[in-house]
Amino acid sequence: MSTLKLVYSDNYDLNLGGHIFPSRKYKLIRQRLLDEQIAGELEFLEPHPAADQDVLLVHSADYVRKLTTGTLEPWEIARMEIPYSPEMVRAAWLSAGGSILAGRQALKEGLAVNLGGGFHHAFPDHGEGFCAIHDVAIAIRKLQCEGAIQRAMTVDLDVHHGNGTAFIFARDSSVLTFSMHQENNYPLEKPPSDIDVNLHDGCEDEQYLHLLRQNLWHALSEFEPDLIFYLAGADPYQEDQLGGLSLTLAGLQERDRIVFAMARERNRPVAVTLAGGYALKVEDTVAIHVGTVRAAAELIAS
Ligand SMILES: [Zn+2]
């Protein structure tokens, strides 16, 4: 029987202090997975930071230099909306390494989770919306470069549109970008993904899950990816401070099951990243992410 591998580092914490992005969530998720015996210590894999040359597969040399040498302009840090620190940069590089590792592991086992990553608002030459570098895009390009995959698909169910992802892969027919998000929310400008499912404010479980089934089924029928990166944002939750949808905890759990079951049905490996989550109570955000891991663990064991 396969067991689900979970990529994690204590240094995923972005060192943000009292910021609305609860970057201590990573440690809390790990602890809860252990407490609930969804995973044991042996299931955790420690990632290496991505190599600069891997980051450069997506990002401009100038931007990477500014990040690594602490020479971003104040307005560039303001656009990123998180404080700059060497720990933040280390966490970003580690998250990218983590997504590469989760991708490799998913290719071996069918399913793997990076308990971090999903920084889908990062662009080649700048960061925004709490995202410094685009871990998923780096992982896709890296796995393509080493010949592990040819075609990839992103399934982005964070409440916010995957603008960085859409921009990076706009003219790349080897990567299908799928984003299902609240239309009236950040980012203001949404460069088109290959498939955008725009949701109205307050969308509830039933309609959300119907649209997901329909659109994901269609996408997977049209495009046969060698690997899917699933950005399992916790922020479509009804009590999210930065989201305006009305999904329940049960609805989010069903969302995850649908993604994993559809991928399994078509024999497509899935690497999960966590992306956003800003519930009023951090334990709700943690519960949603833990639910995603539980759904993945149940599927891989079945
Ligand atoms: Zn988000």
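Whatever order the structure lists them in is the order used to number ligands and atoms, beginning at 1.
Using a 4.0 Å cut-off between a side-chain N of Lys or Arg and a carboxylate O of Asp or Glu, Lys142 and Asp54 qualify as a salt bridge.
Nearest N/O/S atom of Asp158 relative to the Zn ion (ligand 1): this is OD1. Distances from the Zn ion (ligand 1) to each N, O or S atom of Asp235 single out OD2 as the nearest.
At a threshold of 2.8 Å, the Zn ion (ligand 1) has a backbone or side-chain N, O or S atom of His160 nearer than that distance.
Geometric assessment of Lys25 against the ring of Phe21 yields a positive cation-pi assignment under the 6.0 Å and 45° thresholds.
Looking only at atom types and distance, the side chain of Glu183 has no donor-acceptor partner in the side chain of His161 under 3.5 Å away.
Between Tyr8 and Glu43 the shortest side-chain heavy-atom distance does not fall below 4.5 Å.
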